[in-house]
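Because only heavy atoms are used, hydrogens play no part in the values below, and waters and symmetry mates are left out as well, while side chains stay in. Note that the structure is a prediction, hence the values are computed from the model and not measured.
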Amino acid sequence: MVLPICDVCLKSGILCQGCENKLKTGEISQLDLDIAKILYRVGDGKIGYKRTIEIGDVVIIITEKDQVGKLIGKGGKIVREISKTLERKIRVVGEDSDFKAVATDILAPARISGVNIVYGKDGEQRYKIRVRGEDARRLPAKLDVLNSIIHELTGEKTLLVIDRNN
């Protein structure tokens with residue numbers, strides 16, 4: 001799996017010219033560097049990711065679908081380490097996952113009770129995602145932040161609601 005910076009830079013702690021240029025041009029961010037260093041240390045260079053998205057106090061790490069579990073780690077150990085080091089909430093999402101899989105990954109540990117397509121008066125389509133009422137306190141962020149995260153990842157407009165009658 002590939003990290004955004006080379007192994008030489010991760011081992012030495014000093015950026016080579018190529019990685020330095022990536023940072024200057026904005027191809028990678030300081031957050032990408034920090035996460036790559038943590039993953040290299042914790043995963044012995046065997047765990048990687050594609051890119052990160054930062055929305056509010058939540059960081060979304062996007063990786064290949066089959067690498068999500070590996071990046072999360074046994075019992076969430078790796079994600080917990082990243083979260084503790086960066087002092088931010090971390091979510092891991094598989095690249096090119098379907099809408100429901102992305103929503104489930106972002107909202108975890110809260111459970112989704114249903115997904116519906118609703119149409120506005122102007123004919124605009126959006127997805128209504130219902131979260132179980134007893135899981136409302138388990139949501140990783142505020143509803144508007146979660147809506148924007150899901151929109152950023154899928155391109156679909158969403159409306160998150162809490163089910164009160166379970």
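Side-chain contact between V115 and F99 is present, with at least one heavy-atom pair separated by less than 4.5 Å. I60 has its side chain within reach of L153: a pair of non-hydrogen atoms, C-beta onward, lies under 4.5 Å apart. Contact check for Y40 versus D7: side-chain heavy atoms found under the 4.5 Å cut-off. A heavy-atom distance below 4.5 Å is found between the side chains of L139 and I162. Contact annotation: the side chain of V93 never approaches that of V68 to less than 4.5 Å [non-hydrogen atoms, C-beta and beyond]. Taking 4.5 Å as the limit, some side-chain heavy atom of I78 sits within range of a side-chain heavy atom of L39. For the pair V161/V131, no side-chain contact is recorded, criterion being any heavy-atom separation below 4.5 Å from C-beta on. For the pair L146/D144, no side-chain contact is recorded, criterion being any heavy-atom separation below 4.5 Å from C-beta on.
In the hydrophobic clustering of ILVMFWY residues, with side-chain heavy atoms under 4.5 Å counting as a link, I35 and I14 come out apart. Residue L159 is not grouped with residue Y119 when hydrophobic side chains (ILVMFWY) are merged at heavy-atom distances under 4.5 angstrom, including chains of intermediate members.
Sparse packing is recorded around CZ of R51, with 12 or fewer heavy atoms of other residues, nucleotides or ligands lying under 6.0 Å away. The 12-atom threshold is exceeded at CD of E124, counting heavy atoms of other residues, nucleotides or ligands nearer than 6.0 Å.
Between the CD1 atom in I61 and the CG atom in L71 there is a gap of 5.5 Å [rounded to 0.5 Å]. Atoms NZ and CG, from K128 and L160 in turn, are 11.0 Å apart once rounded to the nearest 0.5 Å. The distance from atom CD of Q67 to atom CD1 of I72, rounded to the nearest 0.5 Å, is 11.5 Å. One finds the CD atom of E152 at 13.0 Å from the CG atom of N147 (value rounded to the nearest 0.5 Å). Residue C9 holds its SG atom at 11.5 Å from CG of L3, rounded to the nearest 0.5 Å. Rounding to the nearest 0.5 Å gives a distance of 11.0 Å between CD of E134 and CZ of R164.
Across L107, N116, L143, a single residue satisfies side chain to side chain contact (heavy atoms under 4.5 Å, CB included) together with I129, and that is L107.
Under the 4.0 Å criterion applied to side-chain N and carboxylate O atoms, E95 and K65 are not assigned as salt-bridge partners. By the 4.0 Å N-to-carboxylate-O rule, E156 lies too far from R126 to be salt-bridged with it. D163 and R130 are joined by a salt bridge, as a carboxylate oxygen and a charged side-chain nitrogen come within less than 4.0 angstrom of each other. A salt bridge does not link K22 to E20: none of the charged nitrogens lies less than 4.0 Å from a carboxylate oxygen.
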- Step-by-step side-chain contact (heavy atoms from CB on, under 4.5 Å) determination, D105 to V92: CA-CA 7 Å; D105 289 344; V92 178; over 6 Å; no
- Task: Please assess T52 against I62 for the test side-chain contact (heavy atoms from CB on, under 4.5 Å), listing each intermediate value before the final yes or no.
- Result: CA-CA 6 Å; T52 59; I62 301 170; over 6 Å; no
- Task: Could you walk me through whether D135 and R111 pass salt bridge (Lys or Arg N to Asp or Glu O under 4.0 Å), step by step?
- Result: CA-CA 7 Å; D135 289 349; R111 297 169 291 173; 2.7 Å; yes
- Passes side-chain contact (heavy atoms from CB on, under 4.5 Å), D34 versus T85? Steps please. CA-CA 9 Å; D34 296 340; T85 305; over 6 Å; no
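Closest approach of C19 to C6, counting heavy atoms only: SG-N, 3.5 Å. The shortest non-hydrogen separation linking E81 to V42 is CG-CG2, 3.8 Å.
A donor-acceptor contact shorter than 3.5 Å links the side chain of Y49 to the backbone of D32. The closest donor-acceptor contact from the side chain of R80 to the backbone of G75 lies under 3.5 Å. Panel note: side chain R91, backbone I106; a donor-acceptor pair is recorded below 3.5 Å.
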